[in-house]
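The next block holds one structure in the form of structure tokens; read it before the comments.
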Amino acid sequence: MDVNDKTLKALTTALNFREMRQELISSNVANANTPGFKAKKLDFEEALARALDVDGQMQMNAADGRHHNVGNGGFNNLEPEIYDDPNGVVSENGNTVDVEAEMAKMAENKLMYDTLVQLINKKMGIMKYAINSEK
Amino acid sequence: MDLLSSLRISSSGLAAQRKRMEAHSSNIANAQTTRTAEGGPYRRKEVVFGSEPARDTFSEILEGELAENAQTVHATEVVHSDKVVYKHDPSHPDANSEGYVAMPDINPMVEMANMIEAQRAYESNVTAINTTKQMAMKTLEIGRGN
Amino acid sequence: MAIKDLGSFQQTLGKADAKGWSRSVDNDMGGNFDIKAPGLEGGTEGAKSFGEFLSDSIGKVNSLQQEANISMEKLASGESQNLHETLLAVEKADIAFRTMNQVRTKVIDAYREIMKMQI
């Protein structure tokens, strides 16, 4: 286990994306009454799973410009997918934000964020413990 | 820094909803006002919301991956309605020659509904701010206590 | 611990030490990490030597760590929604590692203790 290990990178990458997601959700909530505003979603799970290739299941697609990211932990150029929420219910002023759904997403995002921080701490803790026990 | 930007976005939401509250509570308070400084009855107010990208500077927009997807909200204008209803009340001091008074076209139910909606929207923005704040505090815990 | 076991333990540790020390012990062969557990010298099936036991345990700790890593990666990428399973796996790996570390410390302490003995 070293400081650069793949799992730690995965955890910190997920942390970054969840921070972005929180900003997007805040934007949706703030604009819940703005006429014509379309609710936005942010997806990073697929990109991250591809980069991790945990089960070795992903097929390398040579035609895909991003294939070099498969499995080898190429985390530096991961892009999230940001798009209009297809599940938005259009109200009469063109707004598609569902505040309750956004609140639920926010709660889930926060919970996962906390979990990721905790896991990062655990990993760092074990490393520091191993360092400290040289007596 | 995305979390700080989130705070800015949510606080814009708070400000916008507060203006909305002000407009509708003013409407309720002035439902019977027949005399205003500009002459004529009170004109019903409504706020119109508009959004704009949260990132201020051009460089922020270039660097940030959210780019223009995260938007702050503003009460961009206050619209005054020119609608007027005529009530028949000859004894009213502002009644015209036929005994009709020009009253503002304000339905208290509508105004109340708007105020409740504004309040709920305000609360949802407060929740967003609290969540953002907690996430930032949690981030500070990385490396602490090991 | 019986005296006989202590003696063989010393042989075991002596073999593990730098070669420059106690050639007499080295000459008194039989000391190596493959000493069978007491009572099982008959080579009963399933008997493990201390060396095998150690490397097995280290292997187990390692695989627990791997499982925990995989579990964390799956959680980060959203592939798994099992918070409790991940946290349990991490905790297991954590405890296993700390235990192994403690065992290592204790073995080294015991070794030093024995080295201190005036023979």
Side-chain angles (χ1 to χ4, degrees), chain A residues 11-12 15-38 40-42 44 78-84 93 95 97 99-100 102-103 105-107 109-129 131-132, chain B residues 1-17 20 47-55 64-76 114 117-118 120-146:
Chain A
L11 293 174
T12 42
L15 215 64
N16 284 336
F17 284 136
R18 289 200 178 268
E19 211 181 87
M20 273 190 239
R21 182 177 279 172
Q22 170 66 7
E23 191 179 338
L24 208 62
I25 296 180
S26 298
S27 165
N28 285 342
V29 167
N31 285 287
N33 299 122
T34 309
F37 184 86
K38 303 282 177 256
K40 299 262 195 241
K41 272 183 75 147
L42 185 147
F44 66 89
L78 281 182
E79 298 269 320
E81 252 190 85
I82 304 177
Y83 55 97
D84 286 354
N93 61 358
N95 186 295
V97 174
V99 179
E100 279 77 27
E102 299 298 321
M103 287 286 118
K105 281 190 221 166
M106 195 186 288
N109 195 42
K110 160 104 182 29
L111 179 63
M112 290 305 296
Y113 192 88
D114 285 356
T115 309
L116 290 169
V117 170
Q118 200 169 313
L119 291 177
I120 289 176
N121 268 345
K122 264 232 155 311
K123 268 197 139 337
M124 302 286 198
I126 264 284
M127 283 189 225
K128 285 194 193 172
Y129 170 75
I131 294 172
N132 279 334
Chain B
M1 168 46 183
D2 292 339
L3 286 184
L4 290 184
S5 194
S6 306
L7 288 180
R8 216 176 339 131
I9 291 174
S10 296
S11 68
S12 79
L14 289 181
Q17 298 298 341
R20 186 179 176 194
V47 294
V48 176
F49 288 158
S51 65
E52 60 188 34
R55 301 296 158 105
E65 273 157 37
L66 283 179
E68 67 287 342
N69 284 308
Q71 310 253 336
T72 51
V73 67
H74 300 275
T76 48
N114 266 301
E117 229 188 80
R120 289 188 61 218
Y122 191 90
E123 282 168 9
S124 65
N125 278 298
V126 169
T127 306
I129 284 191
N130 282 335
T131 307
T132 304
K133 196 166 49 121
Q134 284 167 27
M135 281 170 79
M137 300 296 292
K138 196 73 188 180
T139 315
L140 292 177
E141 281 182 26
I142 294 181
R144 188 197 291 174
N146 277 324

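By convention in this document, chain letters (A, B, ...) are assigned in the order of the sequence lines, proteins followed by strands, and residues within each chain are numbered from 1.
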Counting heavy-atom pairs under 4.5 angstrom with chain A, the leader among B:S51, B:S11, B:A118 is B:S51
Between the CZ atom in A:R18 and the CG atom in B:L3, the distance rounded to the nearest 0.5 Å is 13.5 Å
Cut-off 4.5 Å, heavy atoms of chain A, and the answer for B:T72 is backbone
Scored by heavy-atom pairs under 4.5 Å with chain A, the best of B:S124, B:A16, B:S12 is B:S124
Cut-off 4.5 Å, heavy atoms of chain B, and the answer for A:L15 is side chain
Separation between CG (A:N28) and CG (B:N69), nearest 0.5 Å, reads 9.5 Å
Applying a strict 4.5 Å limit to non-hydrogen atoms, the region of B:Q134 in contact with chain A is both
Okay, A:V99 and chain B: the region with an atom under 4.5 Å from a heavy atom over there is side chain
Cut-off 4.5 Å, heavy atoms of chain B, and the answer for A:L42 is side chain
Subject >> Short N-O contact, A:E23 and B:R8, less than 4.0 angstrom >> reply: no
CA sep, side-chain torsions, deciding dist, call: A:T34, B:Q71, side chain to side chain contact (heavy atoms under 4.5 Å, CB included):
CA-CA 10 Å; A:T34 309; B:Q71 310 253 336; over 6 Å; no
Worksheet item: Taking the side chain from A:N121 and the backbone from B:E141, do they hold a donor-acceptor pair closer than 3.5 Å?
Response: yes
Okay, B:A121 and chain A: the region with an atom under 4.5 Å from a heavy atom over there is side chain
Smallest heavy-atom separation, A:S26 atom then B:T132 atom, equals OG-OG1, 4.0 Å
Residue from B:L7, B:T127, B:V48 scoring the most non-hydrogen pairs under 4.5 Å with chain A is B:T127
Max heavy-atom pairs within cutoff under 4.5 Å with chain B, candidates A:E100, A:K40, A:Q22, goes to A:Q22
